[in-house]
Participant: 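What follows is a single structure, and I will ask about it in a moment.
Residue numbers run from 1 in the order of the sequence given.
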Amino acid sequence: MELYFEQNVTNKNVDERTKRTKTLIVAKTICMVFGVFSIVSSAMLGDYFFYYFWIFLLFSAPFFTASYILGRINKRCNIEYDYVIDDEFLRITEIYFRERRKLKHTIRLRLIESVGVFDTEGYKKAERNTHKKILALVNYEDEDSILYICYKTDKGVRNVIFVEPNKGFIMALRRALSTAALTVFDKSIPDLEKRLAKKEQEEALSAVNGYDDDTAESEDDQNSDGADGGDE
C-alpha cells in the first residue's frame, strides 16, 4: 500500500508583516540602485576609469552588502515549508512569499537513524559527530514541539534537520518507517504526540467558538436592523 502525506507549515509573519515586507523590498532595491550607480559613475571618468574604479567599487560595497542582508532578513520572515512523506523519501520544500517553491532537502527514510524532540537526551546523543544542522521550521519559540531527525546522506554524511510537525506527520513517518520506528523513535515521541493532539483539539475548539461568535454577532446585527425597521 502506497503512502503519501503532506504537511504545510504556515508562517503567520507573511500575513502580519506585509507592510514590513514591502518596506524591506524597497530598501533593498534602493541599496542595490545606489551600489550600481556608484560603479557606473566610475565609467564617466573616461581615461581615469581604471585609476578610480576600485575606489568606486569599495564605495559601493556597503550598499551591495546592505541589499543582501535586507534580502536575507525579508526572505527568512516570508518562508514557509511543505513536508512530504512517501514510501521512500521525506522531501522538504521551501516556499518564498507564497509564490516561489524550491525543493531543498530529500532524505531517504531508510537512512534515518534517530527521531525525537529537540534538546532531549536522545537529541544530545544524536547530535554527536553531526556534520550539519538544518532548520526547516518557522516557529522557533516552542522548542518542545521541534522535532529533530538525524539521518545520513547518500554519501554517508550525518546531518540533523529540525522540523515543526503536526500529529499527522508523526503518524505518517511511523508508518513509513514501519518496524524500524521502534528503534528510530526515541522515548520523547509519545509525550510530543500527546502535546500535539491537545494543541490540535484546542485549535479546533477555538475555531468553533470563533465561528459561533461571528454567527451570534451576525444574528444580533440582523435583529438590530429588523428592530430599526419596525420603529420606522
Side-chain angles (χ1 to χ4, degrees), residues 3-14 72-73 75-95 102-206:
L3 170 67
Y4 181 87
F5 175 83
E6 181 176 352
Q7 176 190 349
N8 176 245
V9 181
T10 58
N11 188 345
K12 62 181 181 180
N13 290 330
V14 177
R72 293 289 297 179
I73 293 173
K75 182 180 177 182
R76 173 52 58 187
C77 292
N78 287 276
I79 283 183
E80 296 177 313
Y81 292 93
D82 271 347
Y83 307 149
V84 174
I85 297 174
D86 59 29
D87 291 316
E88 296 184 29
F89 299 99
L90 164 61
R91 295 182 176 88
I92 297 179
T93 300
E94 284 188 356
I95 306 170
K102 184 176 182 181
L103 179 62
K104 294 290 291 185
H105 310 286
T106 300
I107 301 170
R108 291 186 184 275
L109 296 175
R110 61 182 176 81
L111 296 181
I112 292 178
E113 297 183 344
S114 179
V115 178
V117 179
F118 168 69
D119 209 24
T120 58
E121 289 300 321
Y123 167 71
K124 292 174 182 178
K125 293 178 181 179
E127 72 168 342
R128 297 171 186 168
N129 301 320
T130 298
H131 174 69
K132 185 187 298 184
K133 297 179 181 179
I134 305 165
L135 298 176
L137 63 157
V138 299
N139 180 18
Y140 300 90
E141 298 176 359
D142 188 7
E143 293 186 351
D144 291 337
S145 297
I146 294 177
L147 193 75
Y148 80 85
I149 300 175
C150 181
Y151 67 97
K152 282 186 177 180
T153 66
D154 291 337
K155 296 181 179 180
V157 178
R158 179 179 286 103
N159 293 335
V160 170
I161 189 166
F162 302 100
V163 297
E164 188 178 340
N166 57 22
K167 185 180 177 182
F169 177 89
I170 296 178
M171 293 175 63
L173 186 58
R174 179 183 280 109
R175 287 178 57 196
L177 293 174
S178 188
T179 56
L182 296 174
T183 56
V184 170
F185 280 18
D186 71 25
K187 60 183 180 180
S188 63
I189 292 294
D191 289 337
L192 175 60
E193 288 183 296
K194 292 178 182 178
R195 287 196 299 271
L196 292 176
K198 182 179 179 181
K199 180 180 178 181
E200 291 179 4
Q201 290 175 355
E202 291 174 348
E203 290 176 349
L205 182 61
S206 177

Participant: Say you draw a straight line from CD of Gln7 to CG of Asp82; how long is it, rounded to the nearest 0.5 Å?
Facilitator: 9.0 Å
Participant: Quick one: does Asp191's side chain get under 4.5 Å of Ile189's, heavy atoms only?
Facilitator: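 Not touching, per the 4.5 Å side-chain cut-off.
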Participant: Less than 4.0 angstrom from a charged side-chain N to a carboxylate O is my criterion; do Glu113 and Lys152 meet it?
Facilitator: yes
Participant: Would Leu90 and Val84 satisfy side chain to side chain contact (heavy atoms under 4.5 Å, CB included), going step by step from the backbone distance to the final call?
Facilitator: CA-CA 6 Å; Leu90 164 61; Val84 174; over 6 Å; no
Participant: Can you find a heavy atom in the side chain of Arg108 that is under 4.5 Å from one in the side chain of Asp154?
Facilitator: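 A side-chain contact under 4.5 Å exists here.
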Participant: With rounding to the nearest 0.5 Å, note down the distance linking CG in Asn166 to CE in Met171.
Facilitator: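 The CG atom of Asn166 sits 10.0 Å away from the CE atom of Met171.
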Participant: How far apart are the closest heavy atoms of Phe89 and Thr106, and which atoms are they?
Facilitator: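 Answer, listing the atom of Phe89 first, then Thr106: CD2-CG2, 3.6 Å.
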Participant: If you round to the nearest 0.5 Å, how far is CD1 of Ile95 from NZ of Lys102?
Facilitator: 14.0 Å
Participant: Salt bridge or not for Asp144 and Arg195, using N-O below 4.0 Å?
Facilitator: no
Participant: Quick one: does Ile92's side chain get under 4.5 Å of Ile161's, heavy atoms only?
Facilitator: yes
Participant: Search all heavy atoms of Ala176 against all heavy atoms of Leu3 and return the closest pair with its distance.
Facilitator: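 So the two residues come closest at CB-CD2, 3.4 Å.
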Participant: Can you tell me if Tyr4 and Glu6 form a side-chain donor-acceptor pair at under 3.5 Å?
Facilitator: yes
Participant: Which heavy atom in Ile112 sits nearest to a heavy atom in Ile107, and how many Å separate them?
Facilitator: CG1-CG2, 4.0 Å
Participant: Please name the pair of heavy atoms, one in Leu173 and one in Ile85, separated by the smallest distance, quoted to 0.1 Å.
Facilitator: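 So the minimum-distance heavy-atom pair works out to N-CD1, 3.8 Å.
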Participant: In this structure, is the centre-to-centre distance between the rings of Tyr140 and Phe118 below 6.0 Å?
Facilitator: no
Participant: Return the minimal non-hydrogen interatomic distance between Thr130 and Ala126, and the atom names on each side.
Facilitator: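 Reported closest heavy-atom pair: OG1-O, 3.3 Å.
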Participant: Is Lys133 salt-bridged to Glu127, cutoff N-O under 4.0 Å?
Facilitator: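 Counted as a salt bridge, because a side-chain N and a carboxylate O are separated by less than 4.0 Å.
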Participant: Looking at Tyr81, is its backbone amide N or carbonyl O close enough to the side chain of Asn8 to form a donor-acceptor pair, meaning the two atoms are under 3.5 Å apart?
Facilitator: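 The answer is yes, because a donor-acceptor pair under 3.5 Å joins these two groups.
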Participant: Would a 4.5 Å heavy-atom cut-off, applied to side chains only, mark Asp86 and Phe5 as touching?
Facilitator: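 With C-beta onward as the side chain, the pair stays apart.
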Participant: Using a 3.5 Å distance criterion without hydrogens, assess whether the side chain of Ser145 forms a donor-acceptor pair with backbone atoms of Asp142.
Facilitator: no
Participant: For Thr153, enumerate each residue passing the side chain to side chain contact (heavy atoms under 4.5 Å, CB included) test, keeping only those at least two apart in sequence or located in another chain.
Facilitator: Tyr151, Lys155, Val157, Asn159
Participant: Evaluate the criterion side chain to side chain contact (heavy atoms under 4.5 Å, CB included) for residue pair Ile134 and Val160; output intermediate values, then yes/no.
Facilitator: CA-CA 6 Å; Ile134 305 165; Val160 170; over 6 Å; no
Participant: Arg110: which residues meet the salt bridge (Lys or Arg N to Asp or Glu O under 4.0 Å) condition with it, sequence neighbours left out?
Facilitator: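 Salt bridge (Lys or Arg N to Asp or Glu O under 4.0 Å) list for Arg110, sorted by chain: empty.
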Participant: Which atom names give the shortest non-hydrogen contact between Val138 and Ile79, and what distance separates them?
Facilitator: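 Closest approach of Val138 to Ile79: CG1-O, 3.2 Å.
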Participant: Hey, are the side chains of Tyr83 and Val9 touching, using non-hydrogen atoms and a 4.5 Å cut-off?
Facilitator: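 A side-chain contact exists here, since the closest heavy-atom pair is under 4.5 Å.
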Participant: Distance check, rounded to the nearest 0.5 Å: Tyr123 atom OH versus Ser188 atom OG?
Facilitator: 12.5 Å
Participant: One pair to check against side chain to side chain contact (heavy atoms under 4.5 Å, CB included): Ile146 and Leu137. What are the steps and the verdict?
Facilitator: CA-CA 8 Å; Ile146 294 177; Leu137 63 157; 3.6 Å; yes
Participant: In Å, rounded to the nearest 0.5 Å, how long is the span from NZ of Lys132 to CZ of Arg158?
Facilitator: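 With rounding to 0.5 Å, NZ (Lys132) is 15.0 Å from CZ (Arg158).
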Participant: Begin with the C-alpha distance, continue with both residues' side-chain angles, and end with the deciding distance and a verdict on side chain to side chain contact (heavy atoms under 4.5 Å, CB included) for Arg174 and Glu193.
Facilitator: CA-CA 12 Å; Arg174 179 183 280 109; Glu193 288 183 296; 2.9 Å; yes
Participant: Once rounded to the nearest 0.5 Å, what's the spacing between atom CD of Glu80 and atom OG1 of Thr93?
Facilitator: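 Spacing of CD (Glu80) from OG1 (Thr93) equals 12.5 Å.
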Participant: Considering the options Asp186, Thr120, Asp119, which one meets the side-chain hydrogen bond (donor to acceptor under 3.5 Å, both in side chains) requirement together with Tyr148?
Facilitator: Asp186
